[in-house]
Amino acid sequence: MRIDLHAHSAASDGTDAPAEVVRAAARAGLDVVALTDHDTTSGWDEAAATARRLGIALVPGMEISCQAGGISVHLLSYLHDPSDEALLAETTRTRDDRVGRARRMVERIAEDHPLTWDDVAGQVTDGATVGRPHIADALVARGVVASRDEAFAGILDSRSPYYVRHYAPGAADAVRLVRAAGGVPVMAHPRAGRRGRVVDDEVIAGLADAGLAGLEVDHRDHLPEERVALRALARDLGLLVTGASDYHGTGKLNGIGEHTTSPAVLEAIEATATGTRVVRQ
Ligand code: AMP
Ligand code: FE
Ligand code: FE
Ligand code: ZN
């Protein structure tokens, strides 16, 4: 059994349609894939239909943008109720604020580079969660940079003068909201320090107290020694350990299925969730 619990579609900042993410997972020989777009579940139905057709299992999920003490935290939610009003209120607020934030970043970037809001809007699939990757794609289209990666290494870096923050709920609140919606909260790439500051072990312990279920340990952005430390932390805190690709189509090097989660951990996630079910056949 090969299980990849973290993938993005064009419903947020991936480049593949939801159906194409599922097809890519099947082509890669995966048995299970989770669709975890940023702050939205709008890709679930399309992904589920394709999963049924191809005979691959789909774990409906989402990656919630949060913060702890101003430090960005990404929280994966698996199998929550997509119509839960309290959780929807938070993700709607985040998604709305992401638009104004992207506009403000474009205003700042436009002082130095050829870029308009229309350029960025043209890169966003209708209704998708807007993010910096869409600004990156517009900069690539304008020939300012060659790739998303180059954009993030400079203009879009969180320490760049063009960077603007967006609203995001507190991570402990998000953990509680996911649980209340019947979902299973797992912290995404807890030590991915290349993207900006990361929270320390005490913050993660606090999230465990709030109901966090697991840590995503096997992820491309973690060094071997960071994975060792995270496994030990998960053991100390009684948390599950997952691994996943964080696939974004052609938007990132991450290949679907490059890291995986054990069947026992998926079973534990499924046994805990009450919001929605894994899609099988
Ligand atoms: P935002 O949520 O709008 O602040 O943008 C963050 C998103 O950008 C993350 O979800 C990543 O998927 C993406 N990202 C971060 N670094 C890179 C990179 N070097 N190349 C491509 N995408 C990236
Ligand atoms: Fe992303
Ligand atoms: Fe993330
Ligand atoms: Zn992700």
Side-chain angles (χ1 to χ4, degrees), residues 3-18 21 24-25 33-44 47 59-68 71-78 91 94-95 98 101-102 105 120 123-125 128-138 140 147-149 151-153 156-158 163 165-166 168-169 171 174-175 178 185-199 204 207 212 214-222 226 230 242-261:
I3 303 163
D4 184 342
L5 289 184
H6 188 164
H8 296 264
S9 76
S12 63
D13 58 2
T15 57
D16 294 352
V21 172
V33 66
L35 185 70
T36 54
D37 277 305
H38 298 286
D39 307 307
T40 185
T41 63
S42 68
W44 284 14
V59 179
M62 178 164 75
E63 185 173 16
I64 304 168
S65 314
C66 328
Q67 50 81 30
I71 298 174
S72 169
V73 170
H74 283 182
L75 185 70
L76 293 159
S77 171
Y78 297 114
T91 52
T94 301
R95 283 163 43 80
R98 278 173 161 283
R101 173 266 200 150
M105 285 190 70
V120 176
Q123 299 294 334
V124 182
T125 301
T129 302
V130 177
R132 280 181 286 164
H134 301 110
I135 304 177
D137 292 346
V140 172
S147 65
R148 280 190 180 183
D149 213 39
F152 273 91
L156 298 180
D157 189 285
S158 59
Y163 183 79
R165 302 164 53 109
H166 63 75
V175 164
V178 168
V186 171
M187 189 176 175
H189 44 71
R191 284 288 179 272
R194 209 169 53 96
R195 305 157 177 242
R197 289 194 299 156
V198 295
V199 298
I204 297 175
L207 297 181
L212 187 70
L215 298 179
E216 185 182 59
V217 173
D218 291 310
H219 183 285
R220 143 182 314 248
D221 293 357
H222 291 154
E226 291 170 334
L230 283 171
T242 69
S245 66
D246 206 352
Y247 177 73
H248 280 70
T250 57
K252 268 185 172 180
L253 295 174
N254 310 31
I256 199 155
E258 69 175 24
H259 293 292
T260 56
T261 296

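Ligands are counted one by one from 1 in listed order, and the atoms in each one are counted from 1 as well.
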With a cut-off of 2.8 Å, does H189 put an N/O/S atom close enough to the Fe ion (ligand 3)? yes
Of all the N, O or S atoms in D246, which one sits nearest to the Zn ion (ligand 4)? OD1
For the Zn ion (ligand 4), give me the closest N/O/S atom belonging to H8, just the atom name. NE2
Any non-hydrogen side-chain atom of P185 less than 4.5 Å from a side-chain atom of M187? no
Atom name of the N, O or S atom in H74 that lies nearest to the Fe ion (ligand 3): ND1
Any N/O/S atom, backbone or side chain, of D246 lying under 2.8 Å from the Fe ion (ligand 3)? no
Regarding D246 and R220, does a basic nitrogen lie under 4.0 Å from an acidic carboxylate oxygen? no
Nearest to the Fe ion (ligand 3), which N, O or S atom of E63 do we find? OE2
Kindly indicate, with the supporting measurements, whether the criterion side-chain hydrogen bond (donor to acceptor under 3.5 Å, both in side chains) is fulfilled by D4 and T260. CA-CA 5 Å; D4 184 342; T260 56; over 6 Å; no
Indicate, with yes or no, if the rings of H189 and H222 have centres closer together than 6.0 Å. no
For the Fe ion (ligand 2), does an N/O/S atom of H248 lie at less than 2.8 Å? yes
For residues H219 and H259, establish whether the separation of their ring centroids is below 6.0 Å. no
Atom nearest to the Fe ion (ligand 2) - D13, N, O or S atoms considered: OD2
When you check the side-chain N and O atoms of S245 and N254, is any donor under 3.5 Å from an acceptor? no
Does H189 put an N, O or S atom under 2.8 Å from the Zn ion (ligand 4)? no
Please confirm whether the backbone N or O of L5 pairs with a side-chain atom of Y78, one donor and one acceptor, at under 3.5 Å? yes
Write the atom name of the N, O or S atom in E63 that is nearest the Zn ion (ligand 4). OE1
